[in-house]
Protein chains: 2
Amino acid sequence: MESNIKDVARLANVSISTVSRVMNMPEKVAIETRVKVQEAMKELNYTPNALARGLIYKRTKSLGVLIPDISNMFYSEMLHGMEHAAQRHHYNLILCNTDNNKARMLESLNMLKEKQIDGLVFTSEPVYPDYYEVFKKLQIPIVLAATHSLEFDIPSVKVNDEQASFDAAECLIKHGHRRIGMICGSITDNVTAMPRLQGFLRALRVHDLETDVDSQVQFGGYKFEDGYEAMGQLLRKFPDITAVFASSDERALGAISYLHEHGKSVPEDISVIGFDNLRLAQMSIPKLTTVGQPLYQIGYLAVEKLDHLIQNEHVGELRTYVRHELVERQSVARR
Amino acid sequence: MESNIKDVARLANVSISTVSRVMNMPEKVAIETRVKVQEAMKELNYTPNALARGLIYKRTKSLGVLIPDISNMFYSEMLHGMEHAAQRHHYNLILCNTDNNKARMLESLNMLKEKQIDGLVFTSEPVYPDYYEVFKKLQIPIVLAATHSLEFDIPSVKVNDEQASFDAAECLIKHGHRRIGMICGSITDNVTAMPRLQGFLRALRVHDLETDVDSQVQFGGYKFEDGYEAMGQLLRKFPDITAVFASSDERALGAISYLHEHGKSVPEDISVIGFDNLRLAQMSIPKLTTVGQPLYQIGYLAVEKLDHLIQNEHVGELRTYVRHELVERQSVARR
DNA sequence: ATGAAAGCGCTAACAT
DNA sequence: ATGTTAGCGCTTTCAT
């Protein structure tokens with residue numbers, strides 16, 4: 001039942017080249033033959049085979065996307081943007097969940113290369129030197145989304161984390177807070193967690209507040225549970241705290257949950273500011289004040305940048321930094 | 001720099017069939033030639049071309065996934081399950097976001113067919129007769145995830161919505177509630193919204209409570225904002241309500257938000273039970289009591305079922321119903 | 001305006 | 001154990 005170009009040619013009484021022509025340069029074929037061929041196509045329910053085409057054109061209009069955890073809202077919002085950009089530029093997205101697992105990532109990369117993807121979007125993780133080696137071997141355009149590399153020249157789209165964190169901390173300070181804690185990502189992550197820490201500390205310094213990382217900062221994972229845990233530890237180290245900067249919305253919600261369970265109300269007793277502005281930031285009680293990054297846009301732009309690379313047009317800037325935005329809701333109060 | 005089987009053959013001083021053999025049946029080639037070929041592959045950084053293979057095998061090890069909105073946690077959790085099953089069975093997932101837009105869906109389906117996917121996962125939307133026509137033309141195995149069709153014989157994986165809703169309502173009733181409202185999906189959706197409504201009503205009837213759809217049920221979208229709106233309307237129609245069944249977690253959170261803003265506390269004044277058990281159900285204050293559906297598992301099983309179909313093994317049951325689970329947290333109180 | 005034939009990178013008979 | 005060749009479905013010269 002699967003029909004191919006030959007079947008169409010036979011039914012329409014023309015050669016396969018004519019069929020090919022009506023698909024790719026219809027104006028070059030006589031109107032009546034064209035119609036005849038189109039009717040044959042319809043009758044046979046013909047669909048061209050992209051594998052055969054890809055073999056010839058040496059491009060597939062498929063992009064690979066490597067994501068650590070799709071069930072995380074952070075990534076799914078970015079992915080949404082990527083998908084829309086992909087549709088717009090007639091690409092398909094092949095999705096690979098890496099679970100932050102290197103072996104799995106290498107495996108995925110291999111599959112993607114075999115499938116002859118035209119380009120790759122790599123998200124969030126830092127580009128370690130061995131990753132870079134793999135990328136080079138891939139021989140295809142790559143764009144980093146929500147991450148970047150200062151060591152290597154790989155195009156990227158992300159927010160300025162240092163400045164965004166600075167703004168978060170300053171928001172707290174401007175609301176009159178002086179004893180401010182931070183719930184931060186892993187110390188080993190110097191593409192996201194460290195710049196955020198630095199931005200936080202810079203704001204404190206600029207406003208003549210003391211900084212003591214040991215007592216003010218709690219490191220940990222980015223999840224709700226991690227935020228919950230971290231809030232507990234922070235409170236123990238730094239009991240008279242009046243505000244907390246949690247550098248992801250999930251962490252912030254975890255922190256709020258901890259505070260709630262321990263009889264502190266937000267923002268009356270303690271203010272909390274988050275980072276990301278995921279959709280859930282509007283769903284919490286109190287609604288979360290946070291520094292928003294335009295995740296959808298990051299995904300969208302990453303794919304468009306990739307498209308430019310593939311088309312060999314001007315790539316524009318190597319590292320694109322998109323604007324963050326302070327979204328003031330209810331979790332930060334004046335003191 | 002892109003090397004192919006010919007390059008490898010030349011470098012290893014063998015024919016291309018020998019190279020092909022070391023890839024597909026290495027035991028059939030002399031150990032020393034094999035090593036020679038493998039070295040050549042490594043040196044040339046050779047990767048087989050899946051397009052060429054697919055052309056011959058007539059299967060691509062790619063699956064299409066149609067999803068209305070990936071940035072929705074509901075879908076991203078399912079997608080996560082699908083992706084893991086896909087990895088396990090050596091498939092790639094080609095992701096298409098349909099935005100609930102029919103034209104876009106048809107376009108995606110067309111692209112997917114051209115790319116010769118081995119199978120398709122279709123999520124959530126009801127299968128309208130015209131969709132079914134399109135599916136038939138596709139000529140490939142299809143599995144429905146979190147939806148099903150009683151009209152057409154298409155394999156599916158989902159929860160028993162009627163019973164799940166029954167359990168939700170009964171939970172409320174067993175906590176002593178008698179004046180219970182429901183926030184429901186669209187009346188036109190008879191694959192999900194209607195069964196849930198029926199389950200709700202059945203529970204009321206079984207427990208000898210009056211049922212009056214007009215005053216007790218508010219229809220609307222599945223989002224947070226919709227839940228917020230609906231809660232307002234419901235309260236106006238049915239002021240002395242003591243409990244609400246919101247048939248999605250997002251709606252439930254919206255309802256809670258409305259109640260909170262209007263001076264009613266949950267669960268002291270009004271109890272709320274949700275549906276889905278998304279990760280955010282644990283993040284709210286109060287933590288949400290809800291009827292959980294195993295979304296990850298639904299995705300996982302859908303892909304495995306698709307694999308069975310593709311392998312032409314026994315499909316097992318046509319319609320698989322997975323277990324839901326009542327997750328009691330803090331948003332429902334005894335009365 | 002249309003057709004014949006080569007070739008994209010690979011596998012699978014069929015030789016040897 | 002290895003090589004030769006046809007062909008998967010298509011595009012693209014090159015003829016006519």
Side-chain angles (χ1 to χ4, degrees), chain A residues 1-38 40-41 44-62 110-118 139-140, chain B residues 1-38 40-41 44-62 110-118 139-140:
Chain A
M1 189 64 200
E2 293 294 283
S3 63
N4 60 26
I5 200 174
K6 258 186 189 164
D7 301 324
V8 175
R10 197 178 312 125
L11 183 61
N13 249 307
V14 296
S15 74
I16 60 168
S17 353
T18 299
V19 178
S20 176
R21 271 183 210 106
V22 341
M23 294 193 281
N24 303 305
M25 24 208 240
E27 68 288 351
K28 293 255 172 193
V29 39
I31 181 78
E32 50 175 19
T33 1
R34 196 193 308 170
V35 170
K36 208 170 51 178
V37 170
Q38 282 161 342
M41 285 175 163
L44 293 173
N45 184 25
Y46 170 75
T47 312
N49 185 323
L51 300 184
R53 281 183 168 171
L55 209 46
I56 297 167
Y57 289 144
K58 289 178 187 321
R59 53 166 197 48
T60 53
K61 280 286 176 183
S62 295
N110 215 45
M111 261 186 129
L112 291 173
K113 193 186 181 186
E114 293 190 6
K115 301 233 166 137
Q116 312 297 118
I117 52 169
D118 296 338
Q139 305 271 17
I140 55 166
Chain B
M1 190 65 201
E2 292 294 284
S3 63
N4 60 25
I5 199 173
K6 261 186 187 162
D7 301 324
V8 176
R10 197 178 311 123
L11 183 60
N13 248 308
V14 295
S15 76
I16 61 168
S17 2
T18 299
V19 178
S20 178
R21 270 184 211 105
V22 342
M23 295 192 280
N24 303 305
M25 23 206 240
E27 68 286 353
K28 293 254 173 193
V29 39
I31 181 77
E32 50 174 19
T33 1
R34 195 193 310 168
V35 170
K36 208 169 53 178
V37 169
Q38 283 159 342
M41 286 174 163
L44 292 172
N45 184 26
Y46 170 76
T47 312
N49 185 323
L51 299 183
R53 281 183 169 171
L55 209 47
I56 296 167
Y57 288 144
K58 290 180 188 316
R59 51 167 199 49
T60 53
K61 281 286 176 184
S62 295
N110 214 44
M111 260 188 132
L112 290 173
K113 193 186 182 188
E114 292 191 7
K115 300 234 166 138
Q116 312 297 117
I117 53 168
D118 295 339
Q139 304 272 17
I140 54 164

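The sequence lines fix the lettering, A, B, ..., with proteins before strands; numbering per chain opens at 1. Note: hydrogens, waters and symmetry copies are ignored here, and every other heavy atom, side chains too, is used.
The side-chain tip of A:Arg59 points at the ring of A:Tyr57 from less than 6.0 angstrom away and within 45° of straight on.
Remark: A:Ser20 is in phosphate contact with D:dT11, judged by side-chain N or O atoms under 4.0 Å from OP1 or OP2. Taking 4.0 angstrom as the limit, B:Thr18 places a side-chain polar atom (N or O) nearer than this to OP1 or OP2 of D:dG3. For B:Arg53 and C:dT11, the shortest distance from a side-chain N or O to OP1 or OP2 is below 4.0 Å. At the phosphate of C:dT11, neither OP1 nor OP2 sits under 4.0 Å from any side-chain N or O atom of B:Lys58. Between A:Asn4 and D:dG9, a side-chain N or O to OP1/OP2 separation shorter than 4.0 Å is present.
In this structure, B:Glu2 atom CD and C:dC8 atom C1' are separated by 13 Å, rounded to whole Å. Remark: C1' of C:dT11 and CD1 of B:Ile5 are 8 Å apart, rounded to the nearest angstrom. Note: CG (A:Leu55) to C1' (D:dT12) measures 14 Å, nearest angstrom. Protein atom NZ of A:Lys6 is 14 Å distant from nucleotide atom P of D:dA6, rounded to whole Å. Remark: P of C:dG9 and CG of B:Asn24 are 17 Å apart, rounded to the nearest angstrom. Residue B:Arg21 contributes atom CZ, which lies 20 Å from atom P of C:dG9 at whole-angstrom precision. Residue B:Tyr57 contributes atom OH, which lies 19 Å from atom P of D:dG7 at whole-angstrom precision. Spacing between atom CD1 of B:Ile16 and atom C1' of D:dA6 amounts to 11 Å, rounded to whole angstrom units.
Between B:Val14 and A:Ala52, the residue anchored closer to the 5' end of DNA chain D is B:Val14, taking for each the nucleotide with the nearest heavy atom.
When heavy atoms are screened at a 4.0 angstrom cut-off, B:Leu51 is found touching no nucleic acid atom at all.
For a distance-only test at 3.5 Å, the side chain of A:Ser17 fails to qualify as a donor-acceptor partner of the base of D:dT11.
At a cut-off of 3.5 Å, with distance as the only test, a side-chain donor of A:Lys115 or B:Ser62 sits close to an acceptor on the other residue.
The structure places CD1 of B:Ile16 at 5.5 Å from CD1 of B:Ile5, a figure rounded to the nearest 0.5 Å.
The stretch residues 25-33 of chain B comes close to DNA chain D through B:Val29, B:Ala30, B:Thr33, each having a heavy atom under 4.0 Å from the strand.
Using a distance-only test at 3.5 Å, with no hydrogens or angles considered, a donor-acceptor pair links the side chain of B:Ser3 to the main chain of B:Leu44.
B:Glu2 is not listed as a side-chain neighbour of A:Lys58, based on a closest heavy-atom distance of 4.5 Å or more.
For B:Glu32, the CD atom counts as loosely surrounded, since its 6.0 Å shell holds 12 or fewer non-hydrogen atoms of other residues, nucleotides or ligands.
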**Request:** Please test B:Glu114 against B:Asn110 for side chain to side chain contact (heavy atoms under 4.5 Å, CB included), starting from the C-alpha separation and ending with a verdict.
**Result:** CA-CA 6 Å; B:Glu114 292 191 7; B:Asn110 214 44; 3.9 Å; yes
